[in-house]
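Positions are given from 1 along the sequence.
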Amino acid sequence: QVQLVESGGGLVQTGGSLRLSCAASGGTFSDYFLGWFRQAPGNEREFVSVISWTGGATYYADSVKGRFTISRDNAKNMVYLQMNNLKPEDTALYYCAAGDLGSSSVVAGMRVDEYDYWGQGTQVTVSA
């Protein structure tokens, strides 16, 4: 029933910006964490950022800290990832995910296996 649909990916040059969006539906999400993950060809899926739906606590991977900002609009059931100062290393398929983590620390949201629902992914390509 829960569905997540990402959008906003594209091709940008090094140093450019993109804003990814995730439209969530089919749930209340009050106990959920909404996360962003990415996967490049040949690599494991890796954590990017997470936000708690109710409290708005956030956590970021070291590789994106200071460059990416996660946010959400509860009224619109939307989650965003503002990506600034993009680097070629950021090139990947980006996924939105939702997990019922309850009162867990937001740090727990960095684990892939904590998430129950995943979007289809949106491609981000950063050229030199």
Side-chain angles (χ1 to χ4, degrees):
Q1 183 72 172
V2 172
Q3 293 188 23
L4 306 172
V5 180
E6 305 98 330
S7 61
L11 173 63
V12 298
Q13 295 182 9
T14 297
S17 297
L18 286 172
R19 190 177 78 156
L20 306 184
S21 299
C22 174
S25 63
T28 63
F29 303 104
S30 59
D31 298 325
Y32 277 70
F33 289 7
L34 278 296
W36 287 97
F37 293 79
R38 65 189 184 186
Q39 188 167 21
N43 290 358
E44 298 286 323
R45 189 167 300 185
E46 68 171 346
F47 168 76
V48 176
S49 187
V50 60
I51 188 167
S52 62
W53 190 252
T54 298
T58 60
Y59 188 69
Y60 298 89
D62 288 343
S63 58
V64 307
K65 197 171 299 181
R67 299 188 298 121
F68 292 8
T69 303
I70 190 170
S71 62
R72 91 290 199 214
D73 186 333
N74 298 73
K76 296 181 178 180
N77 279 183
M78 295 289 293
V79 182
Y80 307 99
L81 185 68
Q82 179 65 47
M83 310 165 68
N84 297 327
N85 192 24
L86 283 161
K87 306 175 180 180
E89 307 94 272
D90 297 317
T91 295
L93 189 64
Y94 282 70
Y95 295 92
C96 179
D100 184 1
L101 300 184
S103 60
S104 298
S105 168
V106 70
V107 177
M110 70 185 302
R111 295 175 56 182
V112 171
D113 60 7
E114 294 283 1
Y115 292 85
D116 306 304
Y117 307 101
W118 295 84
Q120 82 289 344
T122 185
Q123 179 66 39
V124 172
T125 302
V126 185
S127 62

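- In this structure a side-chain-to-backbone donor-acceptor pair under 3.5 Å is missing from Thr69 to Gln82.
- From Leu34, atom CG reaches atom CG of Asn77 across 9.0 Å, with rounding to the nearest 0.5 Å.
- Rounded to the nearest 0.5 angstrom, Gln39 CD and Tyr95 OH are separated by 5.5 Å.
- Lys76 NZ: 12 or fewer foreign heavy atoms inside a 6.0 Å radius.
- Residue Val5 is found outside any hydrophobic cluster, as its side-chain heavy atoms come under 4.5 Å of no other Ile, Leu, Val, Met, Phe, Trp or Tyr.
- The structure places OG of Ser7 at 6.0 Å from CE of Met78, a figure rounded to the nearest 0.5 Å.
- Scored by the side-chain hydrogen bond (donor to acceptor under 3.5 Å, both in side chains) test, Asp90 finds Arg38, Arg67 as partners (sequence neighbours excluded).
- Taking the side chain to side chain contact (heavy atoms under 4.5 Å, CB included) definition, one finds that Ser105 meets it with Val107, sequence neighbours left out.
- Hydrophobic clustering places Met83 together with Val48 (ILVMFWY residues linked when any side-chain heavy atoms are closer than 4.5 Å, directly or through intermediates).
- Remark: Gln3 CD is loosely packed, at most 12 non-hydrogen atoms of other residues, nucleotides or ligands lying under 6.0 Å away.
- Ser104 pairs by the side-chain hydrogen bond (donor to acceptor under 3.5 Å, both in side chains) definition with nothing, not counting sequence neighbours.
- In this structure, Leu81 and Ser49 approach most closely via the heavy-atom pair CD1-CB, 4.3 Å.
- Distance OG1/Thr122 to CG/Leu93: 7.5 Å, rounded to 0.5 Å.
- Residues Leu101 and Val112 are members of one and the same hydrophobic cluster, defined by side-chain heavy-atom contacts under 4.5 angstrom among Ile, Leu, Val, Met, Phe, Trp and Tyr.
- Screening residues 10-42 for ring pair (Phe, Tyr, Trp, His ring centres under 6.0 Å) gives Phe29-Tyr32, Phe29-Trp53, Phe37-Phe47, Phe37-Tyr115, Phe37-Trp118 as the qualifying pairs, with residues at least two apart or on separate chains.
- Under the 4.5 Å side-chain heavy-atom criterion for ILVMFWY residues, no single connected hydrophobic cluster contains both Tyr59 and Phe68.
- Linking Ile, Leu, Val, Met, Phe, Trp and Tyr residues whenever their side-chain heavy atoms come within less than 4.5 Å leaves Ile51 and Val106 in two separate clusters.
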Can I get a per-line list of side-chain donor-acceptor pairs under 3.5 Å for residues 8-24, giving both atom names and the distance, sequence neighbours left out?
{"from": "Thr14", "atom 1": "OG1", "to": "Ser127", "atom 2": "O", "distance (Å)": "2.9"}
{"from": "Ser17", "atom 1": "OG", "to": "Asn84", "atom 2": "OD1", "distance (Å)": "2.9"}

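- One finds the CD atom of Glu6 at 12.0 Å from the CD atom of Gln123 (value rounded to the nearest 0.5 Å).
- Note that the OG atom of Ser25 and the CG atom of Leu4 stand 7.5 Å from one another [nearest 0.5 Å].
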